[in-house]
There are 2 protein chains.
Amino acid sequence: MPDSLRRFKADIFQALAHPTRIAIIELLANGELSAGELIAKLGMEQANVSQHLAVLRTKQLVVNRKAGNQVFYAVRDPIIIKVLALMRRYFQKNLKGALELLNEIDNTPADSGR
Amino acid sequence: MPDSLRRFKADIFQALAHPTRIAIIELLANGELSAGELIAKLGMEQANVSQHLAVLRTKQLVVNRKAGNQVFYAVRDPIIIKVLALMRRYFQKNLKGALELLNEIDNTPADSGR
DNA sequence: ATAATATATTCGAAGTATCGAATATTCCAA
DNA sequence: TTGGAATATTCGATACTTCGAATATATTAT
């Protein structure tokens with residue numbers, strides 16, 4: 001497999017490699033939502049959510065449509081949702097090791113949670 | 001879904017978010033290989049491959065077994081291979097947009113920036 | 001013991017990602 | 001045609017990632 005293809009895949013994974021962006025995709029799994037609705041449901045800074053949406057847009061994981069004042073987002077291809085579903089299964093199967101990992105993450109020193 | 005779970009998933013995606021690590025997983029898809037064999041097939045610096053293996057080990061995507069002088073690596077759970085297979089489908093389905101993305105990456109102007 | 005081989009770790013430089021604050025753009029209503 | 005709401009972009013500080021070079025550790029052969 002050519003390296004350019006691997007870079008492409010790596011890029012998609014990079015786009016998914018942030019809790020907020022995973023949350024966004026999961027929120028969009030059942031249909032489109034406006035940026036404002038996403039911001040409300042996530043309970044995060046407007047600018048921050050918008051930046052994460054920009055990442056997902058750039059990597060083409062989501063599409064958006066303007067409706068007057070608002071912008072509605074949707075997952076571009078359901079395969080991405082399948083990938084997340086697989087990850088859920090992976091988590092369940094590997095619960096034990098996963099919990100250890102989570103502990104490590106949680107105990108990561110006073111890292112104000114980025 | 002709790003945020004800790006999303007952080008866990010994000011962490012796995014982060015581990016997959018590098019072309020070399022994707023190449024490693026793909027090389028291991030058909031069975032275990034020694035670190036040396038991986039290094040040879042990848043044609044990269046020993047230290048670098050070893051560092052990438054360390055990432056995959058830490059995130060528990062691979063397991064390893066020592067045999068005398070050598071260390072053999074294997075993918076821990078075939079779900080991960082399925083995830084990569086899904087990504088291959090995604091790439092094929094979205095070939096057009098993907099190619100544009102690849103172009104952008106390649107043509108990223110003599111990027112002294114960022 | 002000593003050397004040779006296989007693999008892992010540490011270090012520091014350079015690049016990349018993330019955040020909130022501030023600012024800009026776009027669209028609609030009055 | 002001004003004002004307000006929704007969304008996007010820019011900026012700078014801080015944290016994280018990646019690389020090769022150098023070094024360390026472990027295992028076998030001499």
Side-chain angles (χ1 to χ4, degrees), chain A residues 3 6-7 10-24 27-28 32-59 61-74 104-105 108-114, chain B residues 3 6-7 10-24 28 32-59 62-74 104-105 108-114:
Chain A
D3 186 63
R6 284 202 195 95
R7 266 186 290 156
D11 245 46
I12 308 276
F13 285 128
Q14 179 58 53
L16 293 172
H18 193 284
T20 300
R21 293 195 291 266
I22 291 179
I24 289 172
L27 283 171
L28 294 179
E32 65 176 15
L33 291 174
S34 71
E37 289 170 309
L38 285 171
I39 291 162
K41 298 203 184 207
L42 291 168
M44 304 179 57
E45 285 288 326
Q46 181 269 326
N48 194 1
V49 174
S50 196
Q51 285 164 351
H52 284 301
L53 285 172
V55 171
L56 293 173
R57 239 186 301 125
T58 303
K59 304 294 175 60
L61 293 178
V62 300
V63 290
N64 58 334
R65 109 188 136 77
K66 249 179 160 160
N69 224 0
Q70 290 162 289
V71 180
F72 286 86
Y73 282 88
E104 275 170 38
I105 295 165
T108 295
D111 174 9
S112 66
R114 282 193 189 173
Chain B
D3 187 62
R6 285 201 196 96
R7 266 186 289 158
D11 246 46
I12 308 277
F13 286 128
Q14 179 59 55
L16 292 172
H18 194 284
T20 300
R21 294 197 290 267
I22 291 179
I24 289 173
L28 294 178
E32 66 176 16
L33 291 174
S34 72
E37 289 171 308
L38 285 171
I39 291 161
K41 298 203 186 209
L42 291 167
M44 303 179 58
E45 286 287 327
Q46 182 269 327
N48 195 1
V49 174
S50 195
Q51 284 164 353
H52 284 300
L53 285 172
V55 172
L56 294 173
R57 240 186 300 125
T58 302
K59 304 294 175 59
V62 299
V63 290
N64 58 331
R65 108 189 136 77
K66 247 180 162 162
N69 223 358
Q70 290 162 289
V71 180
F72 286 86
Y73 281 89
E104 273 170 40
I105 294 165
T108 295
D111 183 13
S112 52
R114 279 209 277 191

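The structure displayed is predicted, hence computed values, not measured ones. Sequence lines set the chain letters: A, B, ... in the order given, protein chains first and strands last, and positions in each chain run from 1.
What separates CZ of B:Phe72 from P of D:dA26 is a distance of 19 Å, to the nearest Å. Remark: P of D:dC16 and NE2 of B:His18 are 18 Å apart, rounded to the nearest angstrom. Rounded to whole angstrom, the span from the CG atom of B:Leu33 across to the P atom of C:dT7 amounts to 11 Å. Rounded to whole Å, atom P of C:dT7 lies 13 Å from atom CD1 of B:Ile24. One interatomic measurement links the two molecules: CG of A:Asn69 to P of C:dC27, which rounds to 9 Å at whole-angstrom precision. We find that CG of B:Leu42 is positioned 16 Å from C1' of D:dT18, with the value rounded to whole Å. Remark: C1' of C:dA6 and CG of B:Asn64 are 14 Å apart, rounded to the nearest angstrom. The distance between atom CG of B:Asp11 and atom C1' of D:dC16, rounded to the nearest whole Å, is 12 Å.
Side-chain N/O atoms of A:Tyr73 include none lying less than 4.0 angstrom from OP1 or OP2 on D:dA6. Checking the phosphate oxygens (OP1, OP2) of D:dT27, a side-chain nitrogen or oxygen of B:Lys66 falls inside 4.0 Å. Contact annotation: B:Arg57 reaches the phosphate of C:dT9 (side-chain N/O to OP1 or OP2, under 4.0 Å).
Checked against A:Tyr73 for a side-chain hydrogen bond (donor to acceptor under 3.5 Å, both in side chains), the options A:Arg57, A:Glu37, A:Glu32 give a single hit: A:Arg57.
DNA chain D is contacted by A:Gln46, A:Ala47, A:Ser50, A:Gln51 of residues 43-56 of chain A, taking any non-hydrogen atom closer than 4.0 Å.
Comparing C:dT7, D:dA6, D:dA26 by their nearest atom to the side chain of B:Ala35 picks out C:dT7. Closest contact between the side chain of A:Gln70 and the listed nucleotides D:dT7, D:dT27, C:dA6 involves D:dT7.
Taken to the nearest 0.5 Å, the CG atom of B:Leu53 stands 8.0 Å off from the CG atom of B:Leu28. Here the OG1-CD distance, from A:Thr20 to A:Gln51, works out to 11.0 Å after rounding to the nearest 0.5 Å. Atom CZ of A:Arg21 sits about 13.5 Å away from atom CZ of B:Arg6, to the nearest 0.5 Å.
Minimum heavy-atom separation, A:Val71 to A:Lys66: CG2-CG, 4.0 Å.
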Which is it for A:Leu16 and B:Leu16 under the side chain to side chain contact (heavy atoms under 4.5 Å, CB included) test, yes or no, and what are the steps along the way? CA-CA 10 Å; A:Leu16 293 172; B:Leu16 292 172; over 6 Å; no
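Between A:His52 and A:His18, the ring planes are tilted. Angles from 30° to 60° get that label.
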